[in-house]
Structures are given as structure tokens and as C-alpha cells.
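In what follows, a single structure is set out as C-alpha cells and then discussed.
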Amino acid sequence: MNFKVLAVWSCFTLLFVWAECQKEKPSKASEKAAMKELKASGSKFPKVPSKKLKQGPPKFLKKSQVKATTVPREGKLTILTRAVAKGQFQKVSNTLVLRAGEALDLRCKGKAVKWRYPPYLDDDDVERRLRIKHFERHSQLTVTNSTAADTGEYSCWSFQCRDSECRDGEDKMGKTFIFFTDPQELFVPTEDYYEVIQLRTNHPTLLPCQVTNPAAKVTLHREFPPEKVLVDGLDISHDVKRGFIIHRPQPSHAGSLFCMANVDGVRQISTKYMLIYVNYPSSVPKPAIRASVASFRVGDNFNVTCTVFGESEIAVDFMWEYPGQQIGRPPYVRERTDLVRRGGQVQQESESILYVDEARAVDDGLYTCTAENLQGGTAVSTRIRLVPASPAPKKAKSG
Ligand SMILES: *[C@@H]1O[C@H](CO)[C@@H](O)[C@H](O)[C@H]1NC(C)=O
Ligand SMILES: *[C@@H]1O[C@H](CO)[C@@H](O)[C@H](O)[C@H]1NC(C)=O
């Protein structure tokens, strides 16, 4: 047992020392050679199946994939360290402040490691200043010639692989927010001169004026009329790692806003944000469908009504699918919107009515109405049957 622990430890140490030696000349070939060397140097090192080596480093995740993965919470034992000098590593804290231009060298413990870093570093024109190298028991992320734009969150987590199944390791995550300070760039530069942001009812909105220096004094301003916006920490608050957050957007917040940063008497303004207020529904519509008939005879007229009760000033779009569509039967649809009182509340009633005149056999089937608002859509259906032509004459009303 003791021997095993010792072997693992020495392997770790060797890897780190070796990684340091490789820093100047990182190349795929040397990495492979070193792996081979490690493998060949005897039973002291845990065996790595050759298949794994061939597979190469695990690919890092795209943004969309990252979202889907559950990220384990930061554990007590951080797996993230930073090389501060040759062979010298430091645990990283929640926040790190570096000067733009400084090199970043992060190490993450684990057999299979995933990294997350500011998306900007994935851009091609960043000229591969970002490098990630995976080793047997750790992974290394380096950023050379750092810039203010590299400011952001860097995190890594290791996942356990048993057989061919990998899952995120519990409590094995390292995370730090790194500021790359630059007196010329108090805000993380963006490509856009202005950015359009939707203020949605009941949705906190972020104005992402990200500063590059945590010591910056940041204020929020309106362009027309020029005035400072009150940041009270309740309706609007500031987060040094994100920007300004409008917690309960109101139509009065709309307009052109910008942030101003002040560091040692140097002032800079951010990109401008065009805030547009959008009446945003709190939920998807819940339509109800009702046909004037359950069955019809050829030549009959009937209609199908789709109704949605919801918040006022929320647009609802209706779409119909009906059997006659396939032969290009022209639909006749009428829509209306009214305010109604329902259960003591004023609600908006939106309705779409599909008319089928002089029904034919082809109109037999499923009628589907989809009601949609900005949150999404819901479909409801009803079936309308053709009554087979029978020789019996129409029932007389008088019975
Ligand atoms: C980093 O900066 C140095 C000096 O300014 C330069 O020689 C080198 O090419 C740069 N490296 C990268 C990867 O941009
Ligand atoms: C739908 O059709 C029924 C009977 O065919 C008719 O009584 C009703 O008025 C129609 N509804 C509308 C909204 O036209």
C-alpha cells in the first residue's frame, strides 16, 4: 500500500518537474516521447492503456456543452495551482490580479481534466496565445502575452473514467477569476461600439461592462439626458466580476446607458448599451381548443377556436395545422384580442378561429393550434370526423 502511494507521489513530482523543463519548448513530439519514457521506465508508474494515449488529450468543451454539464462545487482541496516561478506552485484564490503582459501558467490536478476560460481566447486571431496540454495526472493551461481582454473566470475540473464511461468528479473543481490590469484598458475591450440589450419583465438584466482592475470605481450613466444612474444595490447593483445588474427591469430603465471606470484618476467609459424594454411573458401560453362540431357531413360549415388567457400586452401568435393543408385548401382564419375580467383579474383573451366552409372529405382529421409567445409555444389538437355519406335523409327537426 505504502509503496503504491509513494509511487503515485513520485510520479506526480516527476511530472511537474518534467513539465517545468518542457516549458520553454513545448511540442507534441516531446510530450509523446516523455509519455513513452514514463511508460517504459518500469512498473513504478501506473500503467496507462495505450488506447488512452492514442486518443490524445480530451477536447475542451464548447460553450453549449459546458452548460449541459453539471459543474461540481468547489471542493475543500483545490486542484488548481499556478506556477509562480520555476518549480514553484501556489494555490490560487478566488481572485487573482495580474498585469496585462504577464504570462499565466495554471495546473489542474486530475487524470482527465476539462478547462473553462473566457470565450475570447478561443478566437483564431488570438494567435494561439492559449495552450492546453494534458499530462497523465494533471493538465496545464498557459496564456502568453496576456491582455486585458483575457480577464475572466478560469476553471477546471477532473472527471473520473471507469472503463469507457466518464463522469464529472465530485468536489474536484478549481476556479479563479483573473483580472489582467491595463491602465489603457479599464474595461475588457469589446468589438462593438454599442450593444443592444433586452430588458425583460421579471428577468434580471446584466450590463456586461467588465472591468480589468478590481480596484476600479465604476459608475453607471445615462446618455440622454446625461445623468448618473443611482446604483442602490437593490434595484441595480454592481458586481466587479460581471458588471451592472438591473434586478427588476422597468420601462423607465430603457435608453442608452454606459459605465464609467476610474482608476487612479484615469477615467474611461465602456461600450454603450441600448436598453430596450420588452413586455416579457412569465410563462408559455396555455391554449384551449374547441370545435363547433365533433363530426361533419360533406358541405357543412364548421369552425375551430383556439383561446389563450394571459397577461395583457403580451403578443400571442397562432399557427394552425389542419387536414386540408395537404391539398392546399385555403384557410380562413380570424384573430382577435380582448381584455376580459376573469377571477377578479384583468386578463388578455387572445383567440384564433379557423373556418372551414363547405367541408369536403379531405377535411376529416386532426386540427392543431399552436399558440406561441416569447417564452415558447404550446400545441393543442382536436379531431373532427366526417360522417360517411348515408342514404338516409336529414333528420327532420320536428322529430
Ligand atoms: C509575445 O510577445 C513577444 C515580445 O513582445 C513576442 O516576441 C512574441 O512573438 C509574442 N508571442 C506571441 C505568441 O504572441
Ligand atoms: C362556429 O360555427 C357554429 C356552428 O357551425 C356557429 O354557431 C358559430 O357561430 C361559429 N362561430 C364563429 C365564431 O363564427
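Both backbone and side-chain heavy atoms feed into the values below; hydrogens, waters and symmetry mates do not. As the structure lists them, so they are numbered: ligands from 1, and atoms in each ligand from 1.
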Next item on the list: Not counting sequence neighbours, which residues clear salt bridge (charged side-chain N to carboxylate O under 4.0 Å, His left out) with Glu372? List them please.
Entry: none
Margin query: Over 60° means perpendicular and under 30° means parallel, so tell me whether Phe177 and Phe179 are parallel, tilted or perpendicular.
Written below: tilted
N/O pairs closer than 3.5 Å, ligand 2 and protein:
residue: ligand 2; atom: 2 (O); partner: Asn303; partner atom: ND2; Å: 2.1
residue: ligand 2; atom: 11 (N); partner: Asn303; partner atom: ND2; Å: 2.9
residue: ligand 2; atom: 14 (O); partner: Tyr355; partner atom: OH; Å: 3.3

Next item on the list: Check ring-ring contact (aromatic ring centres under 6.0 Å, His included) between Tyr194 and all other residues, then give those that pass, not counting sequence neighbours.
Entry: none
Notebook entry, point to check: What is the minimum heavy-atom distance between Asn373 and Gln375, and which atoms define it?
Noted result: OD1-N, 2.8 Å
Notebook entry, point to check: Would one find more than 12 heavy atoms of other residues, nucleotides or ligands at under 6.0 Å from atom CD of Glu313?
Noted result: no
Next item on the list: Please name all residues satisfying side chain to side chain donor-acceptor pair (under 3.5 Å) with Arg82, sequence neighbours left out, ordered by chain then number.
Entry: none
